[in-house]
> 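Shown below is the structure under consideration.
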Amino acid sequence: MKIATYNVNGINARLPVLLRWLKESAPDVACLQELKAPQEKFPESAIREAGYDVIWHGQKSWNGIAILSKVGKPQEIRRTLPGDEEDVHSRYMEAAINGVLIGCLYLPNGNPAPGPKFDYKLSWFKRLTDHAKELLAQKTPVILTGDYNVMPTDLDVYKPERWVDDALFRPEVKSAFHALVAQGWTDAIRKLYPDQKIYTFWDYFRNAYERDAGLRIDHFLLSPEVDKRLIAAGVDRHVRGWEKSSDHAPVWVELKGA
DNA sequence: ATGACGAATCTTATTCGA
């Protein structure tokens with residue numbers, strides 16, 4: 001089973017690129033973030049014509065996540081992250097597909113830091129960590145994937161010294177990520193490529209992609225029951241070079257079995 | 001500190017992203 005995550009930066013602006021990538025990469029499951037579309041403006045028929053069942057949670061202007069599957073209808077478990085009834089951002093969605101629980105997430109950016117947006121990022125991270133602990137306790141196959149908006153180490157940043165005060169790289173955020181992983185999750189890309197410079201995002205400015213001035217912020221965390229099935233993982237970085245691309249590239253894992 | 005780019009919106013300017 002091949003599972004992918006892709007921050008599309010606007011599902012309607014990205015539709016041709018998304019469909020092209022789905023056809024080329026043919027993931028069984030795809031988690032999307034930053035739909036930037038209200039619920040009723042999601043291009044459902046185009047996705048279904050591409051062969052995917054889909055559930056999504058849109059929001060006007062910002063955020064929004066979706067889970068696509070061509071190996072059975074996603075059985076939705078939840079479409080909000082527990083822990084704050086007042087949080088109305090569409091940033092988390094969870095579904096069971098083929099016996100694997102898949103959490104699709106878009107963690108807040110948090111800039112500028114410090115400030116209320118940074119506080120929201122940290123509290124969202126805390127809620128995710130609390131929820132992740134409960135998922136792990138079930139001792140079933142679980143994947144938490146998406147745009148974490150965190151570069152976990154210096155190896156994940158083209159120029160670490162320029163990012164020290166940024167909300168994606170501040171010590172509080174890196175420690176939150178490491179604490180989450182330390183519950184017992186496996187960072188799939190880092191497990192298979194412990195020493196390689198691998199990026200998933202290149203901003204639109206200053207020819208960042210051409211200069212390979214990138215960041216690794218889209219991650220796959222695997223529960224032990226999934227980790228033992230991990231065969232391969234990678235980034236479809238060439239997709240970032242396509243016309244009208246997102247600023248992120250898709251990331252994927254391949255698991256043993258259906 | 002700002003801006004470079006791109007997307008969305010109560011658009012011709014502003015907000016957000018990372």
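Order of the sequence lines fixes the chain letters, A, B, ..., with proteins taken first and strands second; residue numbering starts at 1 for each chain.
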> Would you say A:His248 reaches B:dA18's phosphate, i.e. side-chain N/O to OP1/OP2 under 4.0 Å?
yes
> Please report the distance separating the C1' of B:dC10 from the corresponding atom of B:dA4, rounded so that it comes out in whole Å.
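Per the computed distance, 28 Å lies between those C1' atoms.
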> For A:Arg20, is there an ion pair with A:Glu24 - N to carboxylate O distance below 4.0 angstrom?
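Looking at A:Arg20 together with A:Glu24, the answer is no, because their closest N to O distance does not fall below 4.0 Å.
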> What integer number of Å spans the P atoms of B:dA1 and B:dG6?
26 Å
> Using a heavy-atom cut-off of 4.0 Å across all strands, would you classify A:Asn63 as base, sugar-phosphate, or nothing?
nothing
> Output side-chain donor-acceptor pairs under 3.5 Å for residues 130-139 of chain A, partner residues at least two apart or in another chain, one line each.
from	atom 1	to	atom 2	distance (Å)
A:Asp130	OD1	A:Lys126	NZ	3.4
A:Asp130	OD2	A:Lys126	NZ	3.0
A:His131	NE2	A:Glu94	OE1	2.7

> For a quick check of understanding: with a heavy-atom distance under 4.0 Å over all strands, which category does A:Asp147 fall into, base, sugar-phosphate or nothing?
sugar-phosphate
> Do A:Leu101 and A:Ile143 make a side-chain contact, defined as non-hydrogen atoms from C-beta onward lying under 4.5 Å apart?
no
> Give me the residues of residues 163-171 of chain A where at least one heavy atom lies under 4.0 Å from an atom of DNA chain B, by number, or none.
A:Leu168
> Nearest-Å distance, CG (A:Leu107) to P (B:dG17)?
12 Å
> Under 4.0 Å: is that the gap between some side-chain N or O of A:Asn7 and OP1 or OP2 of B:dA18?
yes
> B:dA18 and B:dA13: how far apart are their P atoms, nearest whole angstrom?
26 Å
> In this structure, which one of A:Leu222, A:Val226, A:Leu144 forms a side chain to side chain contact (heavy atoms under 4.5 Å, CB included) with A:Trp185?
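One option only clears the test, and that one is A:Leu144.
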> Enumerate, atom names and distances included, each donor-acceptor pair closer than 3.5 Å involving a side-chain atom of residues 163-171 of chain A, sequence neighbours excluded.
from	atom 1	to	atom 2	distance (Å)
A:Asp166	OD1	A:Asn111	ND2	3.1
A:Asp166	OD1	A:Leu168	N	2.9
A:Asp166	OD2	A:Asn111	ND2	3.3
A:Arg170	NH2	A:Glu172	OE2	3.3

> Flag the pair A:Lys117 / A:Asn109 as yes when at least one side-chain heavy-atom distance between them is below 4.5 Å, and no otherwise.
no
> Between B:dT12 and B:dA7, how many Å separate the two C1' atoms, rounded to a whole number?
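It comes out at 16 Å once rounded to the nearest Å.
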> Under the side-chain contact (heavy atoms from CB on, under 4.5 Å) rule, collect the residues that match up with A:Tyr120, sequence neighbours excluded.
A:Asp87, A:His89, A:Arg91, A:Pro108, A:Ser123, A:Trp124
> Round to a whole Å and report the spacing from CG of A:Asp156 to P of B:dA18.
16 Å
> Mark up nucleotides 2-12 of chain B, 5' to 3', with B wherever a protein heavy atom is under 4.0 angstrom from a base atom, S wherever such an atom reaches only the sugar-phosphate, and - elsewhere.
-BBBBSSSS--
> Using a 4.0 Å heavy-atom cut-off, does A:Tyr148 contact any base of the nucleic acid, only the sugar-phosphate backbone, or nothing at all?
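Answer is nothing: A:Tyr148 stays at 4.0 Å or more from every strand.
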> Quote, to the nearest angstrom, the C1' distance that separates B:dT11 from B:dC16.
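Those two atoms are separated by 15 Å.
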> Give a yes or no on whether a salt bridge exists between A:Arg237 and A:Asp212, defined as a side-chain N under 4.0 angstrom from a carboxylate O.
yes
> Please tabulate, one pair per line, all N/O donor-acceptor pairs under 3.5 Å involving side-chain atoms of residues 68-75 of chain A, not counting sequence neighbours.
from	atom 1	to	atom 2	distance (Å)
A:Ser69	OG	A:Val71	N	3.1
A:Ser69	OG	A:Gly72	O	2.6
A:Gln75	NE2	A:Lys73	O	3.1

> Quickly work out the A:His219 NE2 to B:dA18 P distance and round it to whole Å.
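After rounding, the gap between these two atoms is 12 Å.
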> Contact class for A:Lys121 vs. all strands (heavy atom < 4.0 Å): base, sugar-phosphate, or nothing?
nothing
> Just the rounded figure in Å: distance from C1' of B:dT15 to CG of A:Asn111.
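Value for this atom pair: 14 Å.
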> Less than 3.5 Å apart, any donor N or O on the side chain of A:Glu225 or A:Thr140 sitting next to an acceptor on the other?
no
> Using only side-chain N and O atoms of A:Asn109, determine if any of them is under 4.0 Å from OP1 or OP2 of B:dG17.
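No, because none of the side-chain N or O atoms of A:Asn109 sits under 4.0 Å from OP1 or OP2 of B:dG17.
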> Distance check needed: B:dC16 P versus A:Phe201 CZ, whole Å only.
17 Å
